[in-house]
Amino acid sequence: MLRKNDAMRLVLTLLGLTALLGVCHGRTDCYGSVSRINTPGASCKTAKPEGLNYCGVQASKKIAERDLGSMNRYKALIKRAGEALCIEPALIAGIISRESHAGKVLKNGWGDNGNGFGLMQVDKRYHKIEGTWNGETHIRQGTRILIDMIKKIQRKFPRWTRDQQLKGGISAYNAGTGNVRSYDRMDIGTTHDDYSNDVVARAQYFKQNGY
(Lines give C-alpha, C1' and ligand atoms only; values in the text may rest on other atoms or scores of the structure.)
Protein backbone atom coordinates (compact mmCIF):
# COMPACT_ATOMS: atom_id res chain seq x y z
CA MET A 1 0.00 0.00 0.00
CA LEU A 2 1.40 3.40 -1.02
CA ARG A 3 1.87 5.93 1.71
CA LYS A 4 0.70 9.47 1.04
CA ASN A 5 4.22 10.78 0.35
CA ASP A 6 5.02 7.84 -1.92
CA ALA A 7 1.82 8.42 -3.87
CA MET A 8 2.66 12.10 -4.23
CA ARG A 9 6.14 11.29 -5.49
CA LEU A 10 4.69 8.84 -8.02
CA VAL A 11 2.24 11.46 -9.32
CA LEU A 12 5.02 14.04 -9.64
CA THR A 13 7.25 11.53 -11.45
CA LEU A 14 4.49 10.69 -13.91
CA LEU A 15 3.80 14.37 -14.50
CA GLY A 16 7.49 14.96 -15.12
CA LEU A 17 7.66 12.11 -17.64
CA THR A 18 4.54 13.40 -19.38
CA ALA A 19 6.06 16.85 -19.68
CA LEU A 20 9.33 15.41 -20.99
CA LEU A 21 7.54 13.32 -23.59
CA GLY A 22 5.52 16.35 -24.58
CA VAL A 23 8.72 18.29 -25.25
CA CYS A 24 10.21 15.45 -27.30
CA HIS A 25 7.09 14.58 -29.28
CA GLY A 26 6.74 16.48 -32.50
CA ARG A 27 10.31 17.82 -32.59
CA THR A 28 11.61 18.45 -36.09
CA ASP A 29 14.97 20.10 -35.35
CA CYS A 30 17.25 17.13 -34.71
CA TYR A 31 19.39 17.85 -37.77
CA GLY A 32 19.35 21.65 -37.93
CA SER A 33 17.04 24.16 -39.58
CA VAL A 34 16.72 25.50 -43.11
CA SER A 35 15.75 28.86 -41.60
CA ARG A 36 19.34 29.45 -40.47
CA ILE A 37 20.99 28.53 -43.79
CA ASN A 38 22.04 31.28 -46.17
CA THR A 39 21.46 30.36 -49.79
CA PRO A 40 21.74 32.01 -53.20
CA GLY A 41 18.80 29.90 -54.39
CA ALA A 42 18.24 28.43 -57.82
CA SER A 43 20.77 28.72 -60.60
CA CYS A 44 19.73 30.07 -63.99
CA LYS A 45 20.11 26.51 -65.31
CA THR A 46 17.26 25.51 -62.99
CA ALA A 47 15.17 28.66 -63.44
CA LYS A 48 15.24 28.87 -67.25
CA PRO A 49 13.47 25.53 -67.95
CA GLU A 50 10.75 26.74 -65.57
CA GLY A 51 10.12 29.67 -67.90
CA LEU A 52 11.66 32.23 -65.54
CA ASN A 53 13.90 35.04 -66.76
CA TYR A 54 15.46 35.50 -63.32
CA CYS A 55 17.41 33.24 -60.97
CA GLY A 56 18.24 33.05 -57.25
CA VAL A 57 16.03 32.83 -54.19
CA GLN A 58 13.11 34.54 -55.92
CA ALA A 59 13.16 31.88 -58.63
CA SER A 60 13.18 29.10 -56.02
CA LYS A 61 10.25 30.71 -54.21
CA LYS A 62 8.26 31.15 -57.43
CA ILE A 63 8.75 27.48 -58.34
CA ALA A 64 7.76 26.44 -54.81
CA GLU A 65 4.72 28.71 -54.98
CA ARG A 66 3.61 27.00 -58.18
CA ASP A 67 3.96 23.62 -56.45
CA LEU A 68 2.16 24.64 -53.25
CA GLY A 69 -1.35 23.59 -54.33
CA SER A 70 -0.21 20.10 -55.30
CA MET A 71 2.06 19.88 -52.24
CA ASN A 72 -0.84 20.60 -49.91
CA ARG A 73 -2.43 17.29 -50.92
CA TYR A 74 0.43 15.59 -49.10
CA LYS A 75 0.87 18.10 -46.29
CA ALA A 76 -0.48 15.85 -43.52
CA LEU A 77 1.74 12.94 -44.67
CA ILE A 78 4.80 15.18 -44.90
CA LYS A 79 4.24 16.64 -41.45
CA ARG A 80 3.71 13.20 -39.91
CA ALA A 81 6.92 11.92 -41.49
CA GLY A 82 8.87 14.97 -40.33
CA GLU A 83 7.61 14.67 -36.77
CA ALA A 84 8.22 10.92 -36.66
CA LEU A 85 11.79 11.26 -37.92
CA CYS A 86 12.59 14.59 -36.23
CA ILE A 87 13.35 16.56 -39.39
CA GLU A 88 11.67 19.67 -40.76
CA PRO A 89 8.60 18.93 -42.90
CA ALA A 90 9.46 22.05 -44.92
CA LEU A 91 12.71 20.39 -46.00
CA ILE A 92 10.87 17.26 -47.11
CA ALA A 93 8.53 19.51 -49.11
CA GLY A 94 11.52 21.33 -50.61
CA ILE A 95 12.98 18.07 -51.87
CA ILE A 96 9.61 16.90 -53.19
CA SER A 97 9.26 20.18 -55.08
CA ARG A 98 12.72 19.89 -56.59
CA GLU A 99 12.48 16.18 -57.40
CA SER A 100 8.96 15.88 -58.82
CA HIS A 101 7.11 19.21 -58.56
CA ALA A 102 4.92 17.45 -55.97
CA GLY A 103 4.23 14.64 -58.44
CA LYS A 104 3.18 16.83 -61.37
CA VAL A 105 5.97 15.69 -63.71
CA LEU A 106 5.77 11.97 -62.94
CA LYS A 107 4.30 9.29 -65.18
CA ASN A 108 2.52 6.63 -63.13
CA GLY A 109 4.73 7.65 -60.22
CA TRP A 110 8.01 7.34 -62.11
CA GLY A 111 10.59 9.86 -63.31
CA ASP A 112 14.26 10.03 -64.32
CA ASN A 113 13.82 7.71 -67.30
CA GLY A 114 12.04 5.14 -65.16
CA ASN A 115 14.68 5.02 -62.44
CA GLY A 116 13.25 7.49 -59.90
CA PHE A 117 10.17 6.47 -57.93
CA GLY A 118 7.66 8.66 -56.23
CA LEU A 119 7.46 12.18 -54.89
CA MET A 120 11.02 12.04 -53.53
CA GLN A 121 12.41 10.12 -56.53
CA VAL A 122 13.93 7.17 -54.71
CA ASP A 123 16.31 5.53 -57.19
CA LYS A 124 15.39 1.89 -57.81
CA ARG A 125 19.00 1.14 -58.80
CA TYR A 126 20.21 1.79 -55.24
CA HIS A 127 17.18 1.21 -53.02
CA LYS A 128 14.39 -1.32 -52.66
CA ILE A 129 11.22 0.62 -53.38
CA GLU A 130 8.75 0.91 -50.50
CA GLY A 131 5.08 1.89 -50.59
CA THR A 132 3.04 3.71 -53.21
CA TRP A 133 4.57 6.61 -55.11
CA ASN A 134 2.60 9.27 -53.20
CA GLY A 135 2.07 7.56 -49.84
CA GLU A 136 3.48 8.09 -46.37
CA THR A 137 5.62 4.93 -46.53
CA HIS A 138 7.40 6.32 -49.58
CA ILE A 139 7.86 9.75 -47.99
CA ARG A 140 9.35 8.13 -44.90
CA GLN A 141 11.71 6.05 -47.01
CA GLY A 142 12.93 9.12 -48.90
CA THR A 143 13.33 11.01 -45.64
CA ARG A 144 15.31 8.17 -44.06
CA ILE A 145 17.63 8.19 -47.08
CA LEU A 146 18.08 11.95 -46.58
CA ILE A 147 18.83 11.47 -42.87
CA ASP A 148 21.36 8.76 -43.71
CA MET A 149 23.12 11.25 -46.00
CA ILE A 150 23.11 13.90 -43.26
CA LYS A 151 24.64 11.45 -40.79
CA LYS A 152 27.37 10.51 -43.26
CA ILE A 153 28.17 14.19 -43.77
CA GLN A 154 28.27 14.63 -39.97
CA ARG A 155 30.94 11.94 -39.81
CA LYS A 156 32.81 13.32 -42.81
CA PHE A 157 32.79 16.93 -41.57
CA PRO A 158 32.51 16.76 -37.76
CA ARG A 159 33.62 20.38 -37.33
CA TRP A 160 30.82 21.79 -39.46
CA THR A 161 27.82 23.25 -37.65
CA ARG A 162 24.63 21.21 -37.55
CA ASP A 163 23.06 23.49 -40.17
CA GLN A 164 26.10 23.14 -42.44
CA GLN A 165 25.92 19.36 -42.09
CA LEU A 166 22.21 19.52 -42.91
CA LYS A 167 22.92 21.40 -46.13
CA GLY A 168 25.68 18.94 -46.98
CA GLY A 169 23.24 16.07 -46.53
CA ILE A 170 20.78 17.74 -48.88
CA SER A 171 23.47 18.03 -51.53
CA ALA A 172 24.46 14.40 -50.98
CA TYR A 173 20.84 13.30 -51.47
CA ASN A 174 21.31 14.28 -55.11
CA ALA A 175 24.94 13.48 -55.89
CA GLY A 176 26.23 11.35 -53.03
CA THR A 177 28.51 12.12 -50.10
CA GLY A 178 31.65 11.76 -52.21
CA ASN A 179 30.64 14.84 -54.19
CA VAL A 180 30.62 16.99 -51.04
CA ARG A 181 34.22 18.17 -50.61
CA SER A 182 33.82 21.68 -49.19
CA TYR A 183 31.00 23.78 -47.83
CA ASP A 184 31.12 26.57 -50.39
CA ARG A 185 31.34 24.26 -53.41
CA MET A 186 29.21 21.32 -52.27
CA ASP A 187 26.72 21.80 -55.10
CA ILE A 188 29.27 21.63 -57.89
CA GLY A 189 28.51 18.30 -59.51
CA THR A 190 24.85 18.19 -58.44
CA THR A 191 22.07 18.62 -61.00
CA HIS A 192 22.44 22.18 -62.40
CA ASP A 193 25.13 22.77 -59.75
CA ASP A 194 22.59 24.21 -57.30
CA TYR A 195 20.74 21.32 -55.64
CA SER A 196 21.05 22.14 -51.93
CA ASN A 197 20.89 25.90 -52.51
CA ASP A 198 17.65 25.57 -54.46
CA VAL A 199 16.10 23.01 -52.09
CA VAL A 200 16.90 25.15 -49.04
CA ALA A 201 15.31 28.23 -50.63
CA ARG A 202 12.20 26.24 -51.57
CA ALA A 203 12.06 24.74 -48.07
CA GLN A 204 12.21 28.22 -46.55
CA TYR A 205 9.18 29.14 -48.65
CA PHE A 206 7.26 26.04 -47.54
CA LYS A 207 8.15 26.76 -43.92
CA GLN A 208 6.59 30.19 -44.29
CA ASN A 209 3.47 28.48 -45.63
CA GLY A 210 2.66 26.10 -42.82
CA TYR A 211 5.15 23.26 -43.24
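Not measured: the values here are computed from a predicted model.
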Inset, instruction - Without swapping roles, check the side chain of Asp67 against the backbone of Ala102 for a donor-acceptor pair under 3.5 Å. - result: no

Inset, instruction - Tell me whether Trp110 is reachable from Met120 by hopping between hydrophobic residues (I, L, V, M, F, W, Y) whose side-chain heavy atoms are closer than 4.5 Å. - result: yes

Inset, instruction - Establish, yes or no, whether the cationic atom of Lys79 lies under 6.0 Å from the six-membered ring centre of Tyr211 and within 45° of the ring axis. - result: no

Inset, instruction - Taking all heavy atoms of Ala47 and all of Ala59, pick out the closest pair and write down the distance. - result: CB-CB, 3.9 Å

Legend entry - Polar side-chain atom of Arg66 near backbone of His101 as donor-acceptor pair, under 3.5 Å: no

Legend entry - Any donor-acceptor N/O pair, Gln204 side chain to Val34 backbone, under 3.5 Å: yes

Inset, instruction - Verify, without hydrogens or angle tests, whether Lys156 (side chain) and Thr177 (backbone) share a donor-acceptor contact under 3.5 angstrom. - result: yes

Legend entry - Polar side chain donor-acceptor pair, Thr46 to His192, under 3.5 angstrom: yes

Inset, instruction - Taking only Lys NZ, Arg NE, NH1 and NH2, and the carboxylate oxygens of Asp or Glu, determine whether Lys45 and Asp194 approach each other closer than 4.0 Å. - result: no

Legend entry - Sidechain N-carboxylate O distance under 4.0 Å for Lys62, Glu65: yes

Inset, instruction - Walk me through it: do Asp29 and Arg36 pass the test salt bridge (Lys or Arg N to Asp or Glu O under 4.0 Å)? - result: CA-CA 12 Å; Asp29 62 346; Arg36 294 189 296 262; over 6 Å; no

Legend entry - SB check Asp148 Arg144 (cutoff 4.0 Å): no

Inset, instruction - Just do the side chain to side chain donor-acceptor pair (under 3.5 Å) check on Tyr173 and Gln121 with the steps written out, would you? - result: CA-CA 10 Å; Tyr173 186 85; Gln121 286 294 278; over 6 Å; no

Inset, instruction - Verify the ring-centre separation between Tyr183 and Trp160: is it less than 6.0 angstrom? - result: yes

